[in-house]
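In this text, all values refer to a predicted model and were calculated from it rather than measured experimentally.
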Amino acid sequence: MSYSEGMSDPIPFSTALRERSSTAHSGSEHAGFMADLLRGNGTREDYVNLVIQHWFIYAALEAAAERMRTDPVAAPFISDKLTRLPALEADLEFLVGDDWRERIEPLPTTQRYVDRINQVGAVWAGGFVAHHYTRYLGDLSGGLYIGKVMKRQFGFETNGIGFYIFDEVADPAEFKNVYREQLDAAPWDAAERERVIDEVLLAYRFNTELFEDLARAKESSAA
Ligand code: HEM
């Protein structure tokens with residue numbers, strides 16, 4: 001970055017991104033389904049249904065990461081320490097059973113979310129990073145807390161909540177700091193930064209709408 005750019009753009013991109021997405025974050029955080037689960041008003045089945053949807057999302061995200069590994073812009077963000085799919089599969093085996101693959105289906109929002117990850121994950125590093133950021137930085141923030149609450153509420157030890165346990169990330173706060181430095185160092189001009197922010201907002205919308213789908217599925221199964 002040149003000195004003049006530094007003067008005219010004093011807010012680091014990672015800070016701008018967090019600020020510009022904080023309203024969308026609150027929307028996801030306070031969605032009824034999630035809030036109920038955290039307050040003890042959700043069932044074990046609700047939790048399992050969320051794990052199932054996560055499997056589809058991370059299968060897409062981590063397949064995209066494999067494709068993006070050789071992309072110079074995306075590569076710095078990709079780390080095996082984050083990989084969640086094996087943990088999700090072990091969780092599903094424990095929660096659903098050996099035949100979990102035959103027993104799970106994506107909800108409509110999950111399908112749209114996955115389609116979008118596949119689409120940008122094939123061609124656009126900035127868009128891929130937007131989806132990567134929204135999930136993994138969330139997992140390393142509120143996710144750690146959610147994991148603890150689920151553990152307490154449903155009596156899990158580690159089976160069933162492996163998704164929330166990042167064995168290889170010793171210091172999540174430090175990991176997130178390094179990640180934010182990488183966001184600040186990405187070679188994106190102002191227009192590309194806007195597009196990345198928009199994609200993060202879209203990712204939040206998918207997450208919020210997924211909670212709405214989960215709430216609706218719950219109502220219709222109770223009816
Ligand atoms: C009830 C659910 C949630 C709670 C309690 C929660 C809580 C938090 C907290 C406390 C932070 C700040 C951590 C820090 O600055 O180090 C955070 C950051 C974050 N959360 Fe959440 N969160 C929730 C749901 C979500 C969801 C559904 C998503 C999106 C999938 C998400 C994505 C993020 C991201 C991307 C950040 C990092 C923001 C940044 O520093 O750039 N969170 N969350």
Side-chain angles (χ1 to χ4, degrees), residues 1 12-18 20-21 24-25 28 51-92 106 109-144 162-172 174-210:
M1 187 190 278
F13 176 61
S14 59
T15 306
L17 174 59
R18 184 171 54 215
R20 295 262 308 271
S21 58
H25 180 273
S28 284
V51 179
I52 290 169
Q53 301 309 309
H54 280 157
W55 182 82
F56 291 101
I57 295 162
Y58 284 80
L61 196 54
E62 293 178 2
E66 279 314 305
R67 289 193 296 274
M68 282 285 172
R69 243 173 225 284
T70 53
D71 182 288
V73 174
F77 296 93
I78 297 170
S79 165
D80 291 337
K81 293 180 181 175
L82 294 173
T83 307
R84 299 287 85 204
L85 204 57
L88 280 168
E89 296 188 348
D91 288 343
L92 285 171
T109 298
T110 303
Q111 192 58 57
R112 284 200 302 277
Y113 192 178
V114 163
D115 289 346
R116 182 67 187 168
I117 291 169
N118 289 341
Q119 194 185 355
V120 304
V123 293
W124 176 29
F128 164 75
V129 172
H131 286 282
H132 190 273
Y133 159 84
T134 309
R135 283 302 335 180
Y136 294 111
L137 249 63
D139 296 336
L140 290 172
S141 307
L144 301 180
F163 171 74
Y164 295 101
I165 302 171
F166 286 86
D167 278 329
E168 293 179 60
V169 180
D171 183 345
E174 180 53 24
F175 192 98
K176 288 191 289 183
N177 285 338
V178 172
Y179 196 102
R180 291 190 188 106
E181 284 165 15
Q182 285 161 340
L183 286 169
D184 296 338
W188 295 327
D189 63 13
E192 178 69 354
R193 285 178 166 189
E194 283 300 308
R195 284 190 290 269
V196 172
I197 291 173
D198 283 344
E199 194 67 25
V200 167
L201 296 177
L202 179 62
Y204 273 117
R205 203 153 77 224
F206 284 131
N207 281 281
T208 302
E209 288 175 9
L210 171 56

Quick one: does any side-chain atom of Asp91 pair with a main-chain N or O of Phe163 as donor and acceptor, under 3.5 Å?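 Yes.
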
Quick one: does any side-chain atom of Tyr179 pair with a main-chain N or O of Tyr133 as donor and acceptor, under 3.5 Å? yes

Determine whether [X] and [Y] make a side-chain contact, defined as any pair of heavy atoms from C-beta on separated by less than 4.5 Å.
X	Y	value
Arg205	Arg112	no
Leu144	Pro172	yes
Phe166	Lys81	no
Ile197	Ser21	no
Lys176	Ser141	yes
Tyr58	Asp139	yes
Thr110	Ile52	no
Phe206	Thr134	no

Hey, what do you get for [atom1] ([X]) to [atom2] ([Y]), rounding to the nearest 0.5 Å?
X	Y	atom1	atom2	value
Phe175	Leu137	CZ	CG	8.0 Å
Leu202	Glu209	CG	CD	8.5 Å
Arg20	Leu201	CZ	CG	7.0 Å
Arg193	Leu183	CZ	CG	9.5 Å
Leu85	Thr83	CG	OG1	8.5 Å

Which atom of [X] lies closest to which atom of [Y], heavy atoms considered:
X	Y	value
Gly126	Trp188	CA-CZ2, 3.8 Å
Ser14	Asp184	N-OD1, 2.7 Å
Phe128	Gly121	CB-CA, 4.4 Å
Gly127	Val120	C-CG2, 3.8 Å
Ala74	Val129	CA-CG2, 4.2 Å
Thr208	Ser28	OG1-OG, 2.8 Å

Under 30°, 30 to 60°, or over 60°: which ring-plane class applies to Tyr164 and His54, parallel, tilted or perpendicular?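 Judged by the thresholds at 30° and 60°, the geometry between Tyr164 and His54 is perpendicular.
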
For Trp124, the option from Glu199, Gln119, Glu192 that meets side-chain hydrogen bond (donor to acceptor under 3.5 Å, both in side chains): Glu192

Do Glu174 and Asn177 pass the side-chain contact (heavy atoms from CB on, under 4.5 Å) test, and can you show the C-alpha distance, the side-chain angles, and the key distance before you say yes or no? CA-CA 5 Å; Glu174 180 53 24; Asn177 285 338; 3.7 Å; yes

Does Arg84 form a side-chain contact (heavy atoms from CB on, under 4.5 Å) with Leu61? I'd like the steps, not just the answer. CA-CA 10 Å; Arg84 299 287 85 204; Leu61 196 54; over 6 Å; no

side-chain contact (heavy atoms from CB on, under 4.5 Å) assessment of Asp71 paired with Ile78: CA-CA 10 Å; Asp71 182 288; Ile78 297 170; over 6 Å; no

SB check Glu62 Arg135 (cutoff 4.0 Å):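 Looking at Glu62 and Arg135, the cut-off is not met.
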
Walk me through whether Arg116 and His131 qualify under side-chain contact (heavy atoms from CB on, under 4.5 Å). CA-CA 9 Å; Arg116 182 67 187 168; His131 286 282; 3.9 Å; yes

